[in-house]
Amino acid sequence: MATIRYLAVISERPEELAAFYKRYLGTWELGHSAAGDIAITDGFLNLTFFKKRPALCEPRMETGLNHIGIQVESVELAKNRYLKLYPRGPVIPEEGDLYHGVIRIHDPDGNPVTISEKPFGATEERRVPGIRHIAYNAMDPEGMREFYSEVFGFVEVPSGFEYRKAGKLNRFVGDGHINLAIHPFYNSGSKGHEMKFGINHIGFLVQDLKATMMDLSSIAKVSKRPDDRPYAEYRITDPE
């Protein structure tokens, strides 16, 4: 199965963000580009902080979580599955270096997804702490579920069926390692919902939640999540 191995963030201060994730969430550096981009890792996933600049030419240039990258067995087969579903979908070549995949496609909401047959420089086994959750706010959650299922083989996880049964639009799929939550953007009636389109937040699995929260509380506000959430227990915001 295809696997999420990369997450891109646009940052005003990549060094400060990298230092935060290294100090408090057990990551370490993979590389540092001449343009000021920094790639760090939890061992299994490459988390790249792009220095915000016009030359990035991203569809969304605001600071924050931007797009994901997926390791596939065959880029050509993944591209063909994508074009079968979305014949007019753009396919953009990328550099294939530490900070990029080989090609870029786009999900039904226009979010970029970069693809490679390589693991984006993150070659170790899964570890804890580690990223296990990525959440989107989407216009078409069911269309997004179909995209990740049909193009990459992601499987709907049990909480997804529970939400369906309750008549909710939220969808949850997984690659066997990371839970991809797809929430309806227009969901302002839900307690704790944040109106941020695209990738909304990420989730770390940690060994000792209490100790981690105590450590983080010295520099960040720690908020308990609503009790009806199936996964997240506490939330903090990073320096940006």
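All residue numbers refer to positions in the sequence shown, counting from 1.
Among I4, I115, D175, the one residue that satisfies the side chain to side chain contact (heavy atoms under 4.5 Å, CB included) test with F152 is I115. A side chain to side chain contact (heavy atoms under 4.5 Å, CB included) with L7 is found for exactly one of N66, I178, I202, namely I202.
Here the closest non-hydrogen pair linking G143 and P108 is O-CG, 3.5 Å. Contact record, E16 with P239: OE2-CB, 3.4 Å, taken as the closest heavy-atom pair. Of all heavy-atom pairs between D42 and G130, the closest is OD2-CA, 3.4 Å. Closest heavy-atom contact between I134 and I131: CG1-CG2, 4.5 Å. Considering every non-hydrogen atom in both I38 and A18, the closest pair reads CG2-CB, 3.9 Å. Residue P129 comes nearest to L25 through the heavy atom pair CB-O, 3.5 Å, listed as atom of the first residue, atom of the second, then distance.
Checked against side chain to side chain contact (heavy atoms under 4.5 Å, CB included), D208 has the following partners two or more places apart in sequence or in another chain: K210, A211. Not counting sequence neighbours, the partners of E76 by the salt bridge (charged side-chain N to carboxylate O under 4.0 Å, His left out) test are K79. Taking R53 as the reference, D37 meet the salt bridge (charged side-chain N to carboxylate O under 4.0 Å, His left out) condition, with sequence neighbours excluded. Here R81 pairs with L77, A78 under the side chain to side chain contact (heavy atoms under 4.5 Å, CB included) rule; sequence neighbours left out. Scored by the side chain to side chain donor-acceptor pair (under 3.5 Å) test, E124 finds no partners at all (sequence neighbours excluded). For N46, the side chain to side chain donor-acceptor pair (under 3.5 Å) test picks out T48, with sequence neighbours left out. Looking at residues two or more places apart in sequence or on another chain, you find a salt bridge (charged side-chain N to carboxylate O under 4.0 Å, His left out) between E156 and R164. With sequence neighbours left out, the side chain to side chain contact (heavy atoms under 4.5 Å, CB included) criterion links K168 to Y163, A166, N170. Residues satisfying the salt bridge (charged side-chain N to carboxylate O under 4.0 Å, His left out) criterion with E117, sequence neighbours excluded, are absent altogether.
A distance-only check finds no donor-acceptor pair linking the side chain of E94 to the backbone of V102 [under 3.5 Å]. Using modelled atom types, no side-chain atom of K224 and backbone atom of E233 make a donor-acceptor pair closer than 3.5 Å. Of the possible donor and acceptor atoms, none in the side chain of N200 sits under 3.5 Å from a partner among the backbone N and O of A135. Checked by atom type and distance alone, the side chain of T114 never pairs as donor or acceptor with a backbone atom of G69 at under 3.5 Å. The main-chain N or O of G101 is never found under 3.5 Å from a side-chain atom of S116 such that the two would form a donor-acceptor pair.
Other residues, nucleotides and ligands contribute more than 12 heavy atoms inside 6.0 Å of the CD atom of E95. For K118, the NZ atom counts as loosely surrounded, since its 6.0 Å shell holds 12 or fewer non-hydrogen atoms of other residues, nucleotides or ligands. Residue-environment remark: CD (E142) exceeds the threshold of 12 foreign heavy atoms within 6.0 Å.
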Steps toward side chain to side chain contact (heavy atoms under 4.5 Å, CB included) verdict (F154, N179): CA-CA 10 Å; F154 290 5; N179 170 291; over 6 Å; no
Steps toward side chain to side chain contact (heavy atoms under 4.5 Å, CB included) verdict (M139, D109): CA-CA 7 Å; M139 295 298 175; D109 269 12; 3.6 Å; yes
Worked check of side chain to side chain contact (heavy atoms under 4.5 Å, CB included) between H133 and H201: CA-CA 8 Å; H133 173 73; H201 62 271; 3.4 Å; yes
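A donor atom on one side chain and an acceptor atom on the other are not found under 3.5 Å apart for E240 and T63. Inspection of the T3 and Q71 side chains reveals no N or O donor paired with an N or O acceptor under 3.5 Å.
The line from CG of D107 to CZ of R145 is 13.5 Å long, rounded to the nearest 0.5 Å. Rounded to the nearest 0.5 angstrom, F44 CZ and R132 CZ are separated by 8.5 Å. Atom OG1 of T41 and atom CD of E29 lie 11.5 Å apart (nearest 0.5 Å). Here NZ of K196 is found 8.5 Å from CG of N137. Values are rounded to the nearest 0.5 Å. Expressed to the nearest 0.5 Å, how far CD of E62 lies from CZ of R60 amounts to 7.0 Å. How far CD1 of I70 is from CG of L180: 8.0 Å, rounded to the nearest 0.5 Å.
The stretch residues 93-114 participates, sequence neighbours left out, in these ring pair (Phe, Tyr, Trp, His ring centres under 6.0 Å) pairs: F50-H100. Listed by first and then second residue, the ring pair (Phe, Tyr, Trp, His ring centres under 6.0 Å) pairs that reach into residues 6-25 are Y6-H67, Y6-F120, F20-Y24, Y21-F49, sequence neighbours excluded.
Using a 4.5 Å heavy-atom threshold, the side chains of Y136 and I68 count as touching. Between M144 and R171, the closest side-chain pair of non-hydrogen atoms is not below 4.5 Å. The shortest distance between side-chain heavy atoms of Y148 and V155 does not fall below 4.5 Å.
Tracing side-chain contacts under 4.5 Å through hydrophobic residues (I, L, V, M, F, W, Y), one never reaches I40 starting from L205; they form parts of separate clusters. M61 and I199 fall into different hydrophobic clusters, where Ile, Leu, Val, Met, Phe, Trp and Tyr side chains are chained together by heavy-atom contacts under 4.5 Å. By the criterion of side-chain heavy atoms lying less than 4.5 angstrom apart, applied directly or through intervening Ile, Leu, Val, Met, Phe, Trp or Tyr residues, I92 is not grouped with I103; the two fall into different hydrophobic clusters. Both V113 and L85 sit in one connected hydrophobic cluster of ILVMFWY residues. Membership requires side-chain heavy atoms under 4.5 Å apart, directly or through other members. Using a 4.5 Å cut-off between side-chain heavy atoms of Ile, Leu, Val, Met, Phe, Trp and Tyr, with links allowed through other members, W28 and L47 fall into different hydrophobic clusters.
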Report, one line per pair, each donor and acceptor closer than 3.5 Å where one atom sits in a side chain of residues 216-223; sequence neighbours left out.
| from | atom 1 | to | atom 2 | distance (Å) |
| --- | --- | --- | --- | --- |
| S217 | OG | M213 | O | 3.4 |
| S217 | OG | M214 | O | 2.7 |
| S218 | OG | D215 | O | 2.7 |

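In this pair, H183 and F172 present their aromatic rings perpendicular. The plane angle is above 60°, beyond the 30 to 60° band.
Salt-bridge check for E58 with R104: passed, with a basic side-chain N closer than 4.0 Å to an acidic carboxylate O.
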